[in-house]
Amino acid sequence: MARAYDVIETEKKWQRRWREEGTYEVDADDPRPPWYVLSMYPYPSGAAHMGHVRNYTFGDLLVRHRTMLGYAVLSPFGFDSFGLPAENAAIKTGTHPRIFTDARIDELKESITSLGAVYDWRREVRSHDPEYIKWNQVIFTRFLEAGLAYRANAPVNWCPGCKTVLANEQVLADGTCERSGDVVDKRDLEQWFLGITRYADELLDGLDGLAWPERVKTMQRNWIGRSEGAEFDLVVEGRDGADGGERLALRVFTTRPDTSFGMTYCVLAPEHPLVGALTTPDQADAVADLVARARASSDVERLSQSGDAGLEKRGAFTGSRVINPFTGTPVPVYVADYVLMGYGTGAIMAVPAEDTRDWDFAQVHGLPIVRTVQPPEGWDETGGPGGTPGGAYTGTGVKINSAWLDGMEIAEAKEAATAWLEEQGRGERTVNYRLRDWLVSRQRFWGCPIPVVYCPIDGIVAVPEDQLPVVAPDDVEFLPTGESPLAVHDGFRNTTCPTCGGPATRETDTMDTFVDSSWYFLRFTDPWTPDAPFDKEIAAHWMPVDQYIGGVEHAILHLLYARFFTKALADLGLAPDGLREPFANLFTQGMIRMNGTKMSKSKGNLVAPTDYLTTVGADALRLFHLFVGPPADDVDWSEQTDSVIDGCARFLDRVWRLAVPEEARNGEDTSTPEADLEIRRATHRLIDRVSRDYERWSYNTAVAACMEFVNTLAPYVRDGGRAEVIDEAVDTLLLLLAPMTPHVAAEAWERRHGDEVHARSWPTAEADLLVEETVTMVVQVNGKVRDRLEVAPGITEDDAAAAALATESVVAALAGGEPKRVIARPPKLVNVVV
RNA sequence: GCCCGGGUGGCGGAAUGGCAGACGCGGUGGAUUCAAAAUCCACUGUCCGAGAGGGCGUGCGGGUUCGAGUCCCGCCCCGGGCACCA
């Protein structure tokens, strides 16, 4: 496609200029009001992909727009440079991950630069940089001191593909690893955890004040999964201690203490410690069988077994009974794998009438059902889907069969039942969370080493700050087994205890890379302070991030961890006091899809941005991403996409030709004052419209408005418009385009004025030019458009109605009769009802 | 199963309860050209009609309203998230 100007040279020129002049380098002492915009820092996987392009286009637009509005805009960039791909490459090719990673970073930087995105590169961070490692480790040791980092034995998720343990957040709902797709095993291992659950309530409550997409907040709420209820003891029949023997009781958790009168059995998780004690000899075989089967099957298999047959095999009677404290009646105790050891107490009271899982289980095992909530009329006959019998009733209603709770509503009964348990000393109200502490240790090489030494005398000892960073040695061998080279590197492993000086061994696990990304936005505010991860005062100047931009895929993982870190760092005195949330506004952009699936390397359906950056250029590609639809929506990359991008390039050519005409206009102003005024009005309407569209992230309509304006302006210019009017129009257009298509705007502006468009102020619309002289008023008869009239914008209701009634179509419709009703909404419309 | 989004021309999409389809892509016709590219102009929801014009039309069925793509009720379909969490 032949272009109106040398796109590639122009873009290179300005990219060089922005970098050399340091236009977008800002410091905390800048007198302008601060504004912090951040795109999620990327894992460096080589040249930028379309998702990056989309992300950084929005970010860069904000940087430039806010700068023109007079803010000191902090726009840093860095790389989330630890991670498994580099290590896998090392295993395959023998290249050290650092060499591999640094090369990928260079490629990515190159393509970001050629997109025309501008950053304060002085602030660049790389998580594998020894400086960053050091502060990461300092933070870890501070967590350790505060008890926020601890070692514990727990059943953990082991990914055989990645040869490492994973956090709960990294295991997908189907039990597979979010990275490799392998089915995750459960193993009992001693691992490092961070105490995120200590902040569960604050993480939940803090969401209310955030200007984040509701969807993301909901996902976090669900993930934290707070549920209020009660815990209480169920004394085992014959083991109440009255005979001088040991009292034995089973503790259960429920969110529905009001249904306790309907408990007809209870259930232990197969892993529950009391399974052995409660199983009678005659049931031992059946229970042992069930426990063995549960242990052997993964979570996925457990989930996949459904239906009655599955349920029958998946539960066994222990032979013991416990006493329902509310009724004094004994109920049987079962072991079943539908109860999870990891949640609540690992044991439940079962109320089949009001819980669907208990209902199903009770049906199969022939257990009694007692309703404690009055279901609606006909529930047992037709309350189910498609008029089938209803089954468990979980809705609202009045309590029945529940002695002193009868007649209460559920909420009231919950409260009463809980209060009773507390009075009786049998239990208390509790809150349970789905959220678990964050498992951060990884059996990998390419990550931040956990700075801890194990000493036979002093136990777990943190490496003192003056000995940090602990960095991995370079003389390592990457084994095809995937085992971390650190674990078998004697020089690294064997060390001395920092406390007693005796022989000791190092921790060889590294940290989850999500640790690195949990505070990098704070580091960006001040990556230079020598004695702290960042200066608190300076961080306070910029934080919180005013606008954070990234993909929804981080809705839980990164965004939850970063919120946790911000709170914890503030509490430890490292982050500014009172900084409770890192990201004031969050924007999650849509995915790039191709034929309905996510565009990704693994799917082999990548479209390389480089192909466009070196042909149509960055401006046209950026314009496409802005124009294609609402930023939050997914983009479907189709056969037509290339023509749309060409269309964007075509538009920029038209702008260029208007702004930098090949031959000077011949000086003849042949336009009328009316036409001049119309163009001036259109110019100021455009400022108004585009400015408002920028504020509401409606870039597609902002672009459309600019295109429409060019369509209006071009004939005026061609037919001999007035030079001052044209200049005002063209200059305005260039200013409004400057954040979207910075290169062409900068070059055209420089040719016209000699200075830089991005250093100019954002234009403001003149109010009196926004008022129209006449507007089109629609005349409807019975809601159907029958006529259009040009009227003054300030026309009165009476005048509007009179004008409408005088039109031919209304006169014809009335046929001499009187209108039933006339609705006048001046100056937009009059509707005559006949 | 539960919780969010979303269904508008051939396509991407636009529309504070007030002219549905802005803008762009694609398509058709034309100007320019030896020819093409590029550029420019006109038309382009659908049906009826030679035309003027008119009927229909925003997933489906109801409702509120002078007036509904927009609000309410009940469904259908698509996308995403969560899911033995007691």
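Note: hydrogens, waters and symmetry copies are ignored here, and every other heavy atom, side chains too, is used. Because the structure is a prediction, the values reported are computed rather than measured. Just so it is clear: chains get the letters A, B, ... in the order the sequence lines come, proteins before strands, and each one is counted from 1.
Taking atom P in both B/G27 and B/A38, one finds a spacing of 12 Å when rounded to whole Å. For the C1' atoms, the distance linking B/G26 with B/G21 amounts to 16 Å, nearest Å. Separating the C1' atom of B/U39 from that of B/U16 is a span of 40 Å, rounded to the nearest Å. As rounded to the nearest Å, B/C47 and B/C34 have C1' atoms that lie 45 Å from one another. Comparing the P positions of B/G57 and B/C78 gives a spacing of 26 Å, expressed to the nearest Å. Only the P atoms considered, B/C19 is 40 Å distant from B/G1, to the nearest whole Å. Going from the P atom of B/G13 to that of B/G7 covers 9 Å, rounded to whole Å. When the C1' atom is compared between B/G81 and B/C43, the two are found 46 Å apart, to the nearest whole Å.
When distances run from any side-chain atom of A/Met707 to the nucleotides B/G55, B/A86, B/C23, the shortest one goes to B/C23.
For the residue pair A/Ser227/A/Tyr343, the side-chain donor-acceptor check at 3.5 Å is satisfied. For the residue pair A/Thr372/A/Glu354, the side-chain donor-acceptor check at 3.5 Å is satisfied.
Regarding A/Trp637, its CH2 atom lies at a distance of 16 Å from the P atom of B/C25, rounded to whole Å. For the pair A/Leu559 CG and B/G81 C1', the computed distance is 15 Å after rounding to whole Å. Atom CZ of A/Arg593 is separated from atom P of B/G79 by 9 Å (rounded to the nearest Å). Protein atom CZ of A/Phe361 is 14 Å distant from nucleotide atom C1' of B/A86, rounded to whole Å. Between the P atom of B/A86 and the CD1 atom of A/Ile410 lies a distance of 15 Å, rounded to the nearest Å. A straight line from CD of A/Glu808 to P of B/G53 spans 12 Å, rounded to a whole angstrom. Computed from coordinates, the A/Leu686 CG to B/C23 P distance equals 14 Å when rounded to whole Å.
Taking the centre of each ring, A/Tyr265 and A/Phe361 come in below the 6.0 Å mark. Ring-centre distance between A/Phe627 and A/Tyr699: not below the 6.0 Å cut-off. Ring centroid separation for the pair A/Tyr612 and A/Phe624 does not come in under the 6.0 Å cut-off.
Within the nucleic acid shown, A/Arg221 has no heavy atom closer than 4.0 Å to any nucleic acid atom. Residue contacts shown for A/Gly647 are limited to sugar-phosphate atoms, with no base heavy atom under 4.0 Å away. Using a 4.0 Å heavy-atom criterion, one finds that A/Lys784 contacts the sugar-phosphate atoms exclusively.
When each of A/Asp619, A/Thr57, A/Leu61 is paired with A/Met740, the side chain to side chain contact (heavy atoms under 4.5 Å, CB included) condition holds for A/Leu61 and for no other.
Base pairing in RNA chain B yields stems of at least 3 consecutive Watson-Crick or G-U pairs, both distances under 3.5 Å, namely B:1-7 with B:76-82, B:10-12 with B:23-25, B:26-31 with B:39-44, B:45-48 with B:53-56, B:59-63 with B:71-75.
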Measure all distances between protein nitrogen or oxygen atoms and nitrogen or oxygen atoms of nucleotides 17-19 of chain B, and list the pairs falling under 3.5 Å.
residue : atom : partner  : partner atom : Å
B/G18   : O6   : A/Arg825 : NE           : 3.2
B/G18   : N2   : A/Gln780 : OE1          : 3.4
B/C19   : O2   : A/Arg788 : NE           : 2.6
B/C19   : O2   : A/Arg788 : NH2          : 2.7

Would you tabulate the nitrogen or oxygen pairs shorter than 3.5 Å linking the protein to nucleotides 36-46 of chain B?
residue : atom : partner  : partner atom : Å
B/C40   : OP1  : A/Arg654 : NE           : 3.2

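For residues 784-797 of chain A, the set of pairs meeting the salt bridge (Lys or Arg N to Asp or Glu O under 4.0 Å) definition, not counting sequence neighbours, is empty. Under the side chain to side chain donor-acceptor pair (under 3.5 Å) criterion, the residue pairs touching residues 646-655 of chain A are A/Arg3-A/Asp653, A/Arg654-A/Asn711, with sequence neighbours excluded. Residue pairs that meet the side chain to side chain donor-acceptor pair (under 3.5 Å) test with at least one member in residues 821-834 of chain A, sequence neighbours left out, do not exist here. Under the salt bridge (Lys or Arg N to Asp or Glu O under 4.0 Å) criterion, the residue pairs touching residues 685-695 of chain A are A/Arg66-A/Glu695, A/Arg685-A/Glu772, A/Asp688-A/Arg692, A/Arg689-A/Glu708, A/Asp693-A/Arg696, with sequence neighbours excluded.
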Per-pair distances, 0.1 Å, donor-acceptor, side chain in residues 628-635 of chain A, under 3.5 Å, sequence neighbours excluded:
residue  : atom : partner  : partner atom : Å
A/Asp634 : OD1  : A/Met591 : N            : 2.7
A/Asp634 : OD2  : A/Arg593 : NE           : 2.7

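Between B/A83 and A/Arg434, a contact under 4.0 Å exists linking OP1 or OP2 to a side-chain N or O.
In this structure A/Asp6 satisfies the side-chain contact (heavy atoms from CB on, under 4.5 Å) test together with A/Ile8, A/Glu9, sequence neighbours excluded. In terms of the side-chain contact (heavy atoms from CB on, under 4.5 Å) criterion, residue partners of A/Leu204 (sequence neighbours excluded) are, by chain and number, A/Arg221, A/Ile224, A/Arg226. In terms of the ring-ring contact (aromatic ring centres under 6.0 Å, His included) criterion, residue partners of A/Phe587 (sequence neighbours excluded) are, by chain and number, A/Trp697.
Between A/Gly342 and A/Val703, the residue anchored nearer the 5' end of RNA chain B, judged by the nucleotide with its closest heavy atom, is A/Val703. Positionally, the nearest nucleotide of RNA chain B for A/Asn782 lies more toward the 5' end than for the other of A/Arg256 and A/Asn782.
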Q: Apply the test side-chain hydrogen bond (donor to acceptor under 3.5 Å, both in side chains) to residues A/Thr345 and A/Glu231: give CA-CA distance (whole Å), side-chain angles for both, the deciding distance (0.1 Å), then the verdict.
A: CA-CA 8 Å; A/Thr345 60; A/Glu231 261 183 39; 6.0 Å; no
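Using a 4.5 Å heavy-atom threshold, the side chains of A/Ile687 and A/Thr732 count as touching.
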Q | Under 4.0 Å protein heavy-atom contact, by nucleotide of nucleotides 2-14 of chain B - B base, S sugar-phosphate only | A | -SS-----BBBSS
